[in-house]
Amino acid sequence: MPLHNHTAIRDDLFTVESMAKPLNVHRISRKERNPEAVYQMIHDELLLDGNSRQNMATFCSTWLEREVQDLMNECMDKNMIDKDEYPQTAEIESRCVSMLSNLWNAKECIDSSNENCSPAIGCSTTGSSEAAMLGGMALKWNWRARQKAAGKPCDKPNLVCGPVQVCWHKFARYWDIELRELPMRKGSYMSSPADVIAHCDENTIGVVQTMGTTFTGHYEPVEDVHAALDKLQQQTGLDIPMHIDAASGGFVAPFMHPEIKWDFRLPRVKSINASGHKFGLAPLGCGWVIWATEKDLPEDLIFRVNYLGGQMPTFALNFSRPGGEVIAQYYNLLRLGYEGYIKVQESCFAAAEYFEAGLEQFGLFELISNSSKGLPLICWKFKDDAKPSFSLYQLSDELRQRGWLVPTYTLPPDCEETVVQRIVVRHGTSVDMLHLLLKDFTEIIEELTETPPCGEDKKRMSFNHS
Ligand SMILES: *Cc1c(COP(=O)(O)O)cnc(C)c1O
């Protein structure tokens, strides 16, 4: 059906004024414009963006089921903060919190009259960054209360962590905390438990460990660090809590590596953040933070809003926020269940292995991490004895010409001289797509070898998380 069925003849879309003449796109115009033409113009401009499915750099969802798209449309007008207006959306958020605290092995608290049995508590956020801010604030508040109770100063808080995602740098700067980020060790590409302990003192608000680092996808040795902190407490009395940044791993480890203890099974783990919009398979804009028990979230950080005659606690940086992402997360949790998530993540790991085998065939690359030690992410560098006539940056540039975004970056200190390339295999990255990517690798490597690129290899800042 034509959109303008009230006029017998309508102008061709590309001949209406807003399409046919240059527009000032930096000032709001006086006049209205034709919506179809403006839509078409913006739609066309967005063609210049990369194609998200070929963005091998991102951890975030780029493929979503039809049902998720429908629910997102239906929830476009729902404001997550209006618990009173949209009580079912609020209810669904709290069901997700229950499901996730159970997934991460929080203690079941059926008997609410038992004072020692405090249930897990948590909320949705815009992503892991906001979740990390909230988790970090709780650590800071609790530390301050401990220091005050002991009559000690509270003006020099620090946070100890391995090589972290940029959100922790932000957290430290915004909340005035010294970030003691430990160096990445050559070989393990992580920090060691001994490093962690050596940097802790009575001003340490907590230790952050990452389940699936952004640089290499490795799981940090949470259980070993936990044991080392236990020992520290025996020796010095310092009782230091842990927060786990499980942005990706929170939705991978429980399904693929359930034997690894990194979650609320470990008593020092007081809070966990995860990105629903990464391996949680929700659309962009969904994160989670959960505390082991209500007692781990300081009461004075919680705002209580009236919720259908009851009290709904909220803890968030923003006020208004869309509700659709949380609904879509709920859809995935219900629709997939354990078996479904396992199937999805298994297929990512299988595709990652396929790609690893393909990479090895070039004889040029050494894998820094492979999917057997963490996320379905592959990170590689040139072999020490390889003598390539091109750089990884140039390889990325050539891949970019074919639409693939394969990031090249240097690792953080003390591995900063190591230049790596990485792909994240996520839902929707099929073996067939990776076959096509490998084919492009083959052709480009042949071309670059036959005709070595001339000129400076500019080490530009390409996309990375650091
Ligand atoms: C992606 C990521 C973050 C930031 O998460 P957002 O959901 O993008 O805000 C934090 N930590 C780690 C380990 C990550 O991978």
Side-chain angles (χ1 to χ4, degrees), residues 52 55-62 96 100 104 122-137 139 159 161-174 179 181-182 184 189-191 206-222 225 242-253 262-263 269 271-290 316-318 321-322 325-326 328-329 332 345 348 369 371 373-379 407 409 411-412 420 422-427 463-466:
S52 67
N55 177 1
M56 308 312 284
T58 187
F59 291 77
C60 294
S61 299
T62 51
C96 289
L100 295 180
W104 298 333
C123 58
S124 67
T125 60
T126 322
S128 273
S129 303
E130 186 188 3
M133 299 284 159
L134 302 180
M137 277 162 76
L139 289 178
L159 181 73
C161 58
V164 278
Q165 207 263 356
V166 64
C167 70
W168 293 102
H169 294 240
K170 271 194 197 168
F171 165 71
R173 204 180 301 166
Y174 293 176
L179 190 68
E181 188 180 14
L182 304 168
M184 181 182 264
Y189 301 101
M190 282 181 283
S191 57
V207 166
V208 170
Q209 291 278 284
T210 305
M211 282 300 281
T213 71
T214 46
F215 309 103
T216 63
H218 285 107
Y219 294 151
E220 286 198 294
V222 178
V225 169
M242 297 175 79
H243 171 95
I244 308 300
D245 180 351
S248 299
F251 286 99
V252 176
W262 62 275
D263 54 15
V269 173
S271 46
I272 296 174
N273 70 269
S275 296
H277 56 214
K278 292 183 176 174
F279 290 86
L281 312 179
L284 275 171
C286 185
W288 298 96
V289 56
I290 312 257
L317 296 183
N318 222 61
R321 187 157 58 82
E325 292 85 336
V326 170
Q329 177 77 79
N332 273 315
Q345 314 304 26
C348 293
S369 61
S371 53
K373 289 215 175 138
L375 306 176
L377 174 163
I378 306 138
C379 179
Y409 53 97
L411 293 177
V420 299
R422 180 194 82 189
I423 69 166
V424 180
V425 180
R426 54 186 191 276
H427 197 200
F463 172 83
N464 72 70
H465 285 277
S466 54

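When a ligand or atom number is given, it counts from 1 through the structure's own listing order. Bear in mind that the values here come from a model prediction, so they are computed numbers and not experimental data.
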Going by the order shown, which atoms of ligand 1 are within less than 4.0 Å of some heavy atom of [X]?
X: Ser275; answer: 5 (O), 6 (P), 7 (O)
X: Cys167; answer: 10 (C)
X: Gly127; answer: 7 (O), 9 (O)
X: Thr210; answer: 13 (C)
X: Gln165; answer: 2 (C), 3 (C), 4 (C), 10 (C), 11 (N), 12 (C), 14 (C)
X: Ser129; answer: 4 (C), 5 (O), 6 (P), 9 (O)

Main-chain N/O of [Y] paired with [X] side-chain donor or acceptor, under 3.5 Å:
X: Tyr409; Y: Phe215; answer: yes
X: Gln165; Y: Thr210; answer: no
X: Ser61; Y: Ala282; answer: yes
X: Asn332; Y: Leu281; answer: yes
X: Ser128; Y: Ser275; answer: yes
X: Arg422; Y: Thr216; answer: no

Check your understanding: Within the structure, does His277 bring an N/O atom to less than 3.5 angstrom of an N/O atom in ligand 1?
Key ->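 It does: an N or O of His277 is found under 3.5 Å from an N or O of ligand 1.
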
**Study point:** Polar contact flag for Trp168 and ligand 1 (N/O pairs, less than 3.5 Å)
**Key:**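 Between Trp168 and ligand 1 (N or O atoms, distance only) the closest approach is not under 3.5 Å.
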
Does [X] have a heavy atom less than 4.0 Å from any atom of ligand 1?
X: Lys278; value: yes
X: Met211; value: no
X: Gly287; value: no

Review point. Which atoms form the tightest heavy-atom contact between Glu220 and Met190, and what is the distance?
Key: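 Result for this residue pair: CA-SD, 3.5 Å.
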
Check your understanding: Under 30°, 30 to 60°, or over 60°: which ring-plane class applies to Trp262 and Trp104, parallel, tilted or perpendicular?
Key ->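 Ring orientation, 0 to 90° scale: perpendicular.
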
Exercise for review: Report the part of Ser128 in contact with ligand 1, treating N, CA, C, O as backbone and CB onward as side chain, heavy atoms under 4.0 Å; options are side chain, backbone, both, neither.
Suggested key: both

